[in-house]
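In the text below, chain A, chain B and the rest are named by the order of the sequence lines, each starting its count at 1. Note that the structure is a prediction, hence the values are computed from the model and not measured.
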There are 2 protein chains.
Amino acid sequence: MNLKELAGILGLSQTTVSRALNGYPEVSEETRERVRLAAERHNYRPNHRAKSLATGRAMAIGHVIPISTKHEMVNPIFGDFIAGAGETYVKQGYEMVLTVVEDNKEDEAYRQIKSRGNVDGVVVHGPTLNDPRIALLNEIGLPFVVHGRSSGSNQRYSWVDVNNKRAFERATDFLLDLGHKRIALINGLENMDFAIRRRAGYETAMTKRGIEIDTSIMRSAEMTEIYGYRAAREILAADNAPTAFIVSSMICAIGVRRALSDLGLQMGKDVSIVTHDDMLSYLPNGDDVPIFTATRSSVREAGKRVSDMLIRCINGEIESSPTLLLEAELMVGQSTGPAPR
Amino acid sequence: MNLKELAGILGLSQTTVSRALNGYPEVSEETRERVRLAAERHNYRPNHRAKSLATGRAMAIGHVIPISTKHEMVNPIFGDFIAGAGETYVKQGYEMVLTVVEDNKEDEAYRQIKSRGNVDGVVVHGPTLNDPRIALLNEIGLPFVVHGRSSGSNQRYSWVDVNNKRAFERATDFLLDLGHKRIALINGLENMDFAIRRRAGYETAMTKRGIEIDTSIMRSAEMTEIYGYRAAREILAADNAPTAFIVSSMICAIGVRRALSDLGLQMGKDVSIVTHDDMLSYLPNGDDVPIFTATRSSVREAGKRVSDMLIRCINGEIESSPTLLLEAELMVGQSTGPAPR
DNA sequence: GCAAAACATCAAAGCGCTTTGGGGATGATT
DNA sequence: AATCATCCCCAAAGCGCTTTGATGTTTTGC
């Protein structure tokens, strides 16, 4: 059933039917109702492609997921982010189109997306230090919002980010207040912007208290459970082992916990852990009482915010480049306690 | 830059340019080359919407991700599955469009997808017992492939699935061979098809050895770490505690491991664990030596297979409803050992 | 009672592409 | 020289929708 047929059935022109269905005022309420009913009865639904060809609006948002050629990891937060964004899209009648791109072919990928014209804008995932995609997107004029920020970029752009620096500064302070002095940092890959900021937060807090930064108890890698485990084992085996860990993700923290348990150390007593918690739906941090003390910020919520902001930019509801900085909460759980002496 | 303009520049008709670019034989190689060069030089890329309107092919595959209204969990395998499917799509020039749908509005969602016409087919995720979507999709005539199967459905349909029953039967046998007699099952939600089959495999193996099924050491829920932990604590606290666990996901298994560690029990010695491992990229099961003994099957690979199968169905390269049953490997790791006496 | 304004509807053009149905050269065949 | 393929290429229709510019019909105001 297409517009032409429906118009035929109703004995109206396509123009009128189209206007009736799209809420234009040039059509009487009576006719509108008649059209609406007929549309429903005959199960008419406008063809999206034709519509977007005619309007020039794709009513779709693109998400480019970079698949690193080196480390083949899919970002575990992806599912929850998408779920959040999806909520917005459903409400606003948008679609979400995903493109998987190897990180060396990004340039071409974005240009293609632009000229193929089936999205109105894109969400940029996983920004790195001075991320080249931002300049690229500005250049080709495709609307976008970044989930995160890009340190070192002097471009103007929209973003939604968690205050990673503040979060980790607070986490560090929290441990320092508990009397910990040797605090290890198990961070994500430090070409990622979030990791850079978290490290900065950690270093700021340490430095403020006059504690020297010791890179021998700092690590940076893709955040798997194994990595957390390995890093913790190594660090705890060395002389002058730390009494606390700050960890960049729950999955890593689980690895650290396993290391403690292997060594017969009690979490929250012998060694404290603070982790960042993205509130992934499949990895809840306990229920009533958090297991880990954590800086907490919902990635699903971020997904909602990012997509919402992008749609509003596209609709011209916002001029200039809006930004949004979300604060992470510090949830005290069972994984921290006073420094042992 | 669009076709018309490019044709203008070249002094050719749109027809010729279109044919040259799409490899039709009605154009001389010389002209084709000239067109190709000009296209590249002027950065011409065909508009996808217009193309699909004209051809009737969207060159896109839909993925409907059900967001349960009750349990708000996003399936953790989603990211990796998508990454696998994405590889296929990139190669074949397809796009992936995601629709997030609340599980009670699925009917309307699929109809909408069909009539909006911007996908050529869909992948069905997370099939349940006698999943109504299968009949629906058959009815509305939208090509689809199911990732998994649907027990109890008498519909004809394409699917790609892991042999869950066999996998869990083997896992159970493996434990039985090690002398375990009390084996707990920590399963996923048993309205999901995969969970039903896994349970069947477990029960088959137990029954074959004349061991009675004891539902007091069987659990079924959404597979979180906490759930694994809780279930294990409960089950181990009861009389006649099992000496082994079969677990439906790595995340759960990690919870079970934590329970053991809390109770001072040694994994692989006091209590054995076999888990299913979807080979999620962010949750590798060790590296050289697997941590958990596991039935292993790559969900990313499944993503590739499913999408590939769907595209071939759409292209009419396969008649009837193809199916593919993948076998899981049983990887022996450090989490299993002979039953203690 | 009549011009002006307001209302309800339509025909047709256009979005950017593919594809059908020709048609003019060129060279080979009778 | 006339006929017939073969090659290249083109004009125009069509995909299903929106939107512009017009047209016919009422209603309103003085």
Please evaluate residues Asn43(A) and Arg41(A) with respect to the criterion side-chain hydrogen bond (donor to acceptor under 3.5 Å, both in side chains), reporting the C-alpha separation (whole Å), side-chain torsions for both, the decisive distance (0.1 Å), and the verdict. CA-CA 5 Å; Asn43(A) 243 296; Arg41(A) 232 172 61 74; over 6 Å; no

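With His147(B) as the fixed residue, the ring pair (Phe, Tyr, Trp, His ring centres under 6.0 Å) test singles out one of Trp159(B), Phe81(B), Phe194(B), Tyr157(B): Phe81(B).
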Report all interatomic pairs (protein N or O, nucleotide N or O of nucleotides 17-20 of chain D) with separations under 3.5 Å.
unit_1: dC17(D); atom_1: OP1; unit_2: Tyr44(A); atom_2: OH; d: 3.0
unit_1: dC17(D); atom_1: OP1; unit_2: Asn47(A); atom_2: N; d: 2.9
unit_1: dC17(D); atom_1: OP2; unit_2: Leu3(A); atom_2: N; d: 2.3
unit_1: dT18(D); atom_1: OP1; unit_2: Asn22(A); atom_2: ND2; d: 2.9
unit_1: dT18(D); atom_1: OP2; unit_2: Ser18(A); atom_2: OG; d: 2.5
unit_1: dT19(D); atom_1: OP2; unit_2: Tyr24(A); atom_2: OH; d: 2.7
unit_1: dT19(D); atom_1: O4; unit_2: Thr15(A); atom_2: OG1; d: 3.2

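In the model, Ser151(B) has a side-chain atom that pairs as donor or acceptor with a side-chain atom of Asp193(B) under 3.5 Å. Judged purely by distance below 3.5 Å, without hydrogens or angles, the side chains of Thr31(A) and Ser28(A) pair a donor atom with an acceptor atom.
Summarising the geometry, the separation between CG on Asn118(B) and C1' on dG16(D) is reported as 13 Å, rounded to the nearest angstrom. If you take CG of Leu10(B) and P of dC9(D), they are 11 Å apart, rounded to a whole angstrom. Atom CG of Leu12(A) is separated from atom P of dC7(C) by 19 Å (rounded to the nearest Å). Atom C1' of nucleotide dC10(C) and atom CG of Leu6(A) are separated by 16 Å, given to the nearest angstrom.
Two residues are said to be in side-chain contact when any heavy atoms from C-beta on lie closer than 4.5 Å; Val146(A) and Arg133(A) fail this criterion.
Candidate nucleotides dC10(D), dC8(D), dA11(C) were compared by shortest atom distance to the side chain of Ser28(B), and dC8(D) ranks first.
Among the protein residues, Ser52(B) comes within range of no part of the nucleic acid, since none of its heavy atoms lies under 4.0 Å from any strand.
The nearest pair of heavy atoms linking Ile314(B) to Pro143(B) is CG1-CB, 4.1 Å.
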